[in-house]
Protein chains: 2
Amino acid sequence: MPAAAVGALDRLLEVTVLLGRDMAEGLAAHGLTVPRATLLWHLREHGPSTQRALADALGVTPRNVTGLVDGLVDGGLVTREPHPTDRRATLVSFTDRGARLVDEFGAGQAELAGQLFGGLAPERLECLVAGLDEVLDRLRALVSGVAS
Amino acid sequence: MPAAAVGALDRLLEVTVLLGRDMAEGLAAHGLTVPRATLLWHLREHGPSTQRALADALGVTPRNVTGLVDGLVDGGLVTREPHPTDRRATLVSFTDRGARLVDEFGAGQAELAGQLFGGLAPERLECLVAGLDEVLDRLRALVSGVAS
DNA sequence: GGTATATGGTGAAGTCACTTCACGATGAAG
DNA sequence: CTTCATCGTGAAGTGACTTCACCATATACC
């Protein structure tokens, strides 16, 4: 009976809830939602992308990406441009405002990281990260893998 | 520049995503959604509750609780009964099936905890939990508190 | 007792994320 | 030049949420 393990999972779940709330709240302050911000984030890391690529990256239906991009276009954060070689596809790219906003979020995230982990003893931080990595490995195995 | 802190946050966020996906998936297999399961979970820990209490506990509008309970009633997992002393209120209680299902989830969660943390070295687990607790404290302060 | 006021729950209407299915337009391969 | 896969989108539907208005009941105050 892994009582300690259950306690660890409980804490992880609570972090999940709190963190999710905080992120959603911060994004909402800028008129964004989590899925839309996730799309922007991917754009920042991978440059202009087709909606198909975005759908695969976000793990959602292409149809849904259409809706998300619609919203972001309305908000003036991204643009839809024709793909240079494939006339079926559209390329989603930042507007200046979009690029500026997502950079702001990057800074905000770094600040949050500082607030959460800033004063931790280095060895404790290192241990936390190591534990997290191990859990992450198992989680990834669970998600994509078979049952034990 | 807390590069290590940013890395830690990244891992935490990835755990959040993966864990959330896994939970949602497992719940969907039993015909449930995350918010409805959360409601059941609260019921298990606090016994029959008024919808108002549920709204406060889940952090959502009373109106929304009405919808969630509607769904659970349709699914035969909970019942609405009149409150013994306050005729405005309704008490939400488990049906047998609901109680059985939520117990199953409890077992499933313990199993998941075992899979995620089972083989970890005890000292590493302890350190992980300690780090998590510290982060949780700061998170709670951030969420409910003021800006620094 | 009787009136004011707060509280519990729900109808109506709307937003956002998401899905499946069908379809038109284009690319690629035979 | 068909055939078939692929990119994006209209249509329709679900679930979680919100706000606002409203009714019924509890409560408090004179």
Side-chain angles (χ1 to χ4, degrees), chain A residues 17 20-21 23-43 48-75 77-93, chain B residues 16-17 20-21 23-43 46 48-75 77-93:
Chain A
V17 170
R21 239 203 274 280
M23 305 238 70
E25 193 175 306
L27 292 175
H30 292 266
L32 272 187
T33 61
V34 170
R36 291 181 190 179
T38 308
L39 197 159
L40 292 180
W41 200 257
H42 178 91
L43 234 47
S49 315
T50 68
Q51 297 191 184
R52 179 54 164 180
L54 290 170
D56 290 343
L58 305 199
V60 298
T61 344
R63 186 59 185 88
N64 192 22
V65 172
T66 300
L68 296 178
V69 172
D70 282 350
L72 292 169
V73 168
D74 283 353
L77 300 179
V78 306
T79 60
R80 261 193 261 251
E81 293 166 20
H83 191 287
T85 73
D86 188 339
R87 278 190 303 176
R88 293 168 303 177
T90 62
L91 269 187
V92 181
S93 315
Chain B
T16 284
V17 170
R21 239 202 275 280
M23 304 238 72
E25 194 174 305
L27 292 175
H30 293 264
L32 271 189
T33 60
V34 171
R36 291 182 191 180
T38 308
L39 197 159
L40 292 181
W41 200 258
H42 177 91
L43 234 48
H46 294 83
S49 315
T50 67
Q51 298 190 183
R52 178 52 165 184
L54 291 170
D56 290 343
L58 305 197
V60 299
T61 341
R63 186 57 184 88
N64 191 24
V65 172
T66 300
L68 296 177
V69 172
D70 282 350
L72 291 169
V73 168
D74 284 353
L77 301 179
V78 306
T79 60
R80 259 193 263 249
E81 294 165 19
H83 191 287
T85 72
D86 188 338
R87 279 191 302 177
R88 294 168 304 177
T90 63
L91 269 187
V92 182
S93 314

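In the text below, chain A, chain B and the rest are named by the order of the sequence lines, each starting its count at 1. The figures here come from the full heavy-atom set of this structure, side chains too, leaving out hydrogens, waters and symmetry mates.
Residue T85(B) is in sugar-phosphate contact alone, with no base atom involved, counting any heavy-atom pair closer than 4.0 Å across all strands shown.
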Go through the steps for V60(A) and L54(A) under the test side-chain contact (heavy atoms from CB on, under 4.5 Å), then give the verdict. CA-CA 8 Å; V60(A) 298; L54(A) 290 170; over 6 Å; no
So T50(B) and T90(B), side-chain contact (heavy atoms from CB on, under 4.5 Å) or not? Walk me through it. CA-CA 6 Å; T50(B) 67; T90(B) 63; over 6 Å; no
Working note: R21(B) + V17(B), criterion side-chain contact (heavy atoms from CB on, under 4.5 Å); need CA distance, chi angles, decisive distance, verdict. CA-CA 6 Å; R21(B) 239 202 275 280; V17(B) 170; 3.8 Å; yes
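Taking atom CG of L27(A) as the reference point, atom C1' of dA17(C) lies 15 Å away to the nearest angstrom. Computed from coordinates, the L72(A) CG to dC16(C) C1' distance equals 12 Å when rounded to whole Å. Following rounding to the nearest Å, R87(B) (CZ) and dC23(D) (C1') show an atom-to-atom distance of 14 Å.
Taking CG of L72(B) as the reference point, atom CG of L40(B) lies at 5.0 Å (rounded to 0.5 Å). In this structure, D70(B) CG and R80(B) CZ are separated by 4.5 Å, a value rounded to the nearest 0.5 Å.
Proximity of V92(B) to S49(B): side-chain heavy atoms (C-beta onward) are nowhere separated by under 4.5 Å.
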Per-nucleotide protein contact string for nucleotides 7-16 of chain D (B base, S sugar-phosphate only, - none; heavy atom under 4.0 Å): SSBBB---SS
